[in-house]
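Notes follow once the structure below has been shown.
Read the numbers this way: they start at 1 and go in the same order the structure lists the ligands and their atoms.
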Amino acid sequence: MSNRFVIILAAGQGTRMKSKLYKVLHPVCGKAMVEHVVDEMLRIEPDRIYTVVGHGAVQVKERLDGKCEFVFQEEQLGTGHAVLQAKPHLGDKTGMTLVVCGDTPLLRAETVKALMDHHEESGAKATVLTAKLEDPKGYGRIVRNGEGMVEKIVEEKDATEEEKQIREISSGIFCFDNSLLFQALEKVTNDNAQREYYLPDVLSILRKEGHPVSAFLIGDPAEILGVNDRVALAEAQKIMRRRIHEKHMKNGVTIIDPENTYIDCDVEIGRDTVIYPGTVIRGKTKIGEDCEIGPNTEIVNCEVGDATVIKHSLVTDSQVGSSVQIGPFAHIRPETKVDDEVRIGNFVEVKKSFIGKHSKVSHLSYIGDAEVGKDVNIGCGTITVNYNGVKKFKTIIEDEAFIGCNSNLVAPVTIGKGAYVAAGSTITKDVPGNALAIARSRQENKENYVEKLKLKN
Ligand code: UD1
Ligand code: MG
């Protein structure tokens with residue numbers, strides 16, 4: 001096998017996105033568009049991958065760090081000019097060079113492999129991946145001659161009315177003989193509507209020089225969707241989502257309503273877990289087997305064990321054990337670790353805390369900066385008073401402690417093993433193990449108070 005190189009074009013501003021974020025960094029199901037492209041290209045194991053960066057170079061390089069090499073395009077003078085920037089690295093090499101755009105996040109390695117095979121088998125010096133679209137608007141059109149051979153690619157803005165009727169479009173993805181590519185690029189001019197150096201012009205240049213040029217028609221045109229604006233971005237997300245859902249369903253996950261479920265591309269989910277509608281699972285989340293997630297739940301960057309149920313809740317950057325019940329309407333904030341068999345009920349907020357095995361925080365509580373042991377029962381309305389306006393303090397609740405309803409635990413404070421806190425207490429001092437702490441004013445009943453009141457008036 002000859003040398004194989006990949007050039008990914010990602011230097012454009014992406015004006016049509018109307019965004020502060022550079023186009024290729026817009027995420028599709030949790031991953032930047034250009035990262036989708038690089039990851040797929042890595043799967044074909046080329047000798048080198050060069051990403052052409054320009055607008056947002058620092059951010060794009062940071063995102064792709066370690067996955068590929070970079071070349072810098074100082075001025076964005078067109079796709080042909082962008083590829084030319086790789087000449088110092090590739091100009092003297094022999095082999096095959098694949099050029100892909102950083103704004104085609106749905107492209108799969110399998111398709112690229114098929115394109116490369118076709119290119120090699122046909123003996124062509126340049127092959128373009130094409131698709132037939134119902135609505136070809138915005139794409140370069142494939143102009144074929146009388147014998148059906150590719151003659152040239154004409155951009156929408158340069159096309160005649162007749163050419164605009166052509167439904168076969170260029171995906172912007174090409175396979176080239178490397179040496180001929182760089183030779184031809186030197187001959188590309190910017191004599192066109194956009195005053196840009198077009199990469200597609202390499203095809204007609206090679207054709208005119210008598211080199212064989214070919215086209216490879218893709219089966220599923222959705223794969224080469226070029227994201228130039230937010231409408232296409234939504235379209236790409238929709239297609240990517242369907243792929244992600246199908247992968248999980250084929251792996252044994254039930255998704256009750258795929259149309260109303262949003263799962264990022266790196267999420268892992270175990271078998272027999274059921275995902276209910278309105279669920280959003282983001283980032284590097286890993287969910288075990290036999291769980292029930294949702295409805296209406298968002299989980300971000302979490303690890304969740306097996307047989308856990310999370311309903312109508314938000315859980316972020318936390319670890320949740322097995323056989324845990326969370327919700328409805330719980331909020332688990334970052335750096336929380338919930339051990340196995342814990343129950344966190346409605347309207348409970350937990351932040352940066354550890355909740356030990358088989359403990360319960362069933363209703364209306366705030367647990368922040370706390371370490372809760374196992375078999376602890378935290379009554380309704382318990383608040384860890386963790387903040388004095390300047391600093392955060394820790395609450396420790398040891399195993400088997402029982403916190404009565406509506407208690408304030410003013411941190412730093414420790415509730416000893418097996419201790420009881422009477423309902424309505426405001427605890428400001430440590431409570432020894434097995435003790436009962438009552439910290440509230442004593443109830444006084446004034447006999448016949450109402451009668452006396454009436455007599456007075
Ligand atoms: C391009 C193709 C068009 C094809 C379509 C497929 C050209 C002239 N047009 O059009 O034939 O149908 O893709 O999606 O090639 N870029 C640079 N430097 C530049 C210009 C662009 O790196 O100077 C990058 C962009 O960041 C982008 C890619 O090249 O990732 C394509 O550029 P874009 O402006 O999206 O071209 P399209 O109008 O979509
Ligand atoms: Mg584009």
Side-chain angles (χ1 to χ4, degrees), residues 6-17 19 21-26 28 32-38 41 50-57 59-61 63-64 70-86 99-107 126 128-133 135-143 150 152-159 163-164 166-174 176 181 185 188-204 215 218 221-233 235-236:
V6 175
I7 300 174
I8 299 171
L9 306 184
Q13 162 90 55
T15 322
R16 290 164 280 181
M17 293 297 278
S19 176
L21 186 66
Y22 303 104
K23 175 166 82 170
V24 295
L25 291 180
H26 275 264
V28 170
M33 281 200 255
V34 68
E35 200 174 356
H36 278 289
V37 176
V38 175
M41 292 308 108
Y50 292 100
T51 300
V52 183
V53 294
H55 280 287
Q59 292 87 336
V60 176
K61 280 164 93 167
R63 179 61 58 90
L64 300 177
F70 301 96
V71 292
F72 188 63
Q73 185 192 21
E74 202 168 328
E75 260 188 297
Q76 282 62 57
L77 302 179
T79 48
H81 179 259
V83 174
L84 199 54
Q85 307 313 301
V99 180
V100 298
C101 294
D103 66 352
T104 52
L106 301 171
L107 182 67
V128 56
L129 182 67
T130 71
K132 280 198 174 132
L133 301 185
D135 177 16
K137 201 163 182 290
Y139 290 96
R141 310 294 207 283
I142 306 293
V143 180
V150 179
K152 62 173 180 176
I153 297 170
V154 58
E155 291 303 301
E156 166 101 18
K157 286 184 178 146
D158 302 295
E163 285 166 338
K164 279 185 189 157
I166 300 172
R167 282 180 40 225
E168 189 182 10
I169 59 102
S170 162
S171 63
I173 297 155
F174 299 87
F176 292 105
L181 165 66
L185 275 174
V188 171
T189 67
N190 64 352
D191 186 15
N192 53 51
Q194 303 188 79
R195 313 299 307 164
E196 282 185 7
Y197 296 87
Y198 291 164
L199 175 66
D201 286 358
V202 167
L203 254 72
S204 44
I218 196 172
E223 225 181 279
I224 50 88
L225 177 76
V227 176
N228 294 323
D229 60 23
R230 312 261 185 162
V231 177
L233 181 66
E235 186 64 26

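For Lys157, the NZ atom counts as loosely surrounded, since its 6.0 Å shell holds 12 or fewer non-hydrogen atoms of other residues, nucleotides or ligands.
How far CZ of Arg167 is from OG1 of Thr130: 12.0 Å, rounded to the nearest 0.5 Å. Between Tyr197 atom OH and Leu84 atom CG the span is 10.0 Å, to the nearest 0.5 Å. Here the CG-CD distance, from Leu107 to Glu223, works out to 5.5 Å after rounding to the nearest 0.5 Å. Between the CZ atom of Phe176 and the CG atom of Leu199 there is a distance of 4.5 Å, given to the nearest 0.5 Å. To the nearest 0.5 Å, atom CZ of residue Arg141 and atom CD of residue Glu168 are 11.5 Å apart.
The Mg ion (ligand 2) has an N, O or S atom of Asn228 inside 2.8 Å of it.
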Between ligand 1 and the protein, find all N/O pairs closer than 3.5 Å and give the distance for each.
unit_1   : atom_1 : unit_2 : atom_2 : d
ligand 1 : 9 (N)  : Glu155 : OE1    : 3.0
ligand 1 : 9 (N)  : Glu155 : OE2    : 3.2
ligand 1 : 11 (O) : Glu155 : OE1    : 3.4
ligand 1 : 11 (O) : Glu155 : OE2    : 2.6
ligand 1 : 12 (O) : Gly140 : N      : 2.9
ligand 1 : 12 (O) : Ser170 : O      : 2.6
ligand 1 : 15 (O) : Thr79  : OG1    : 2.7
ligand 1 : 18 (N) : Gln73  : OE1    : 2.7
ligand 1 : 22 (O) : Ala11  : N      : 2.9
ligand 1 : 23 (O) : Gln73  : OE1    : 3.4
ligand 1 : 23 (O) : Gln73  : NE2    : 3.1
ligand 1 : 23 (O) : Leu77  : N      : 3.4
ligand 1 : 23 (O) : Gly78  : N      : 2.8
ligand 1 : 23 (O) : Gly78  : O      : 3.1
ligand 1 : 26 (O) : Ala11  : N      : 3.4
ligand 1 : 26 (O) : Gly12  : N      : 2.8
ligand 1 : 30 (O) : Leu9   : O      : 2.8
ligand 1 : 34 (O) : Arg16  : NH2    : 3.4
ligand 1 : 35 (O) : Lys23  : NZ     : 3.0
ligand 1 : 35 (O) : Asp103 : OD2    : 3.0
ligand 1 : 35 (O) : Asn228 : OD1    : 3.1
ligand 1 : 38 (O) : Arg16  : NH2    : 3.1
ligand 1 : 39 (O) : Asn228 : OD1    : 3.3
ligand 1 : 39 (O) : Asn228 : ND2    : 3.2

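Between the Mg ion (ligand 2) and the N, O or S atoms of Asp103, the shortest distance is to OD2.
Summarising the geometry of Cys101 relative to Ile8, their closest heavy-atom pair is C-CG2, 4.4 Å, with the distance given to 0.1 Å.
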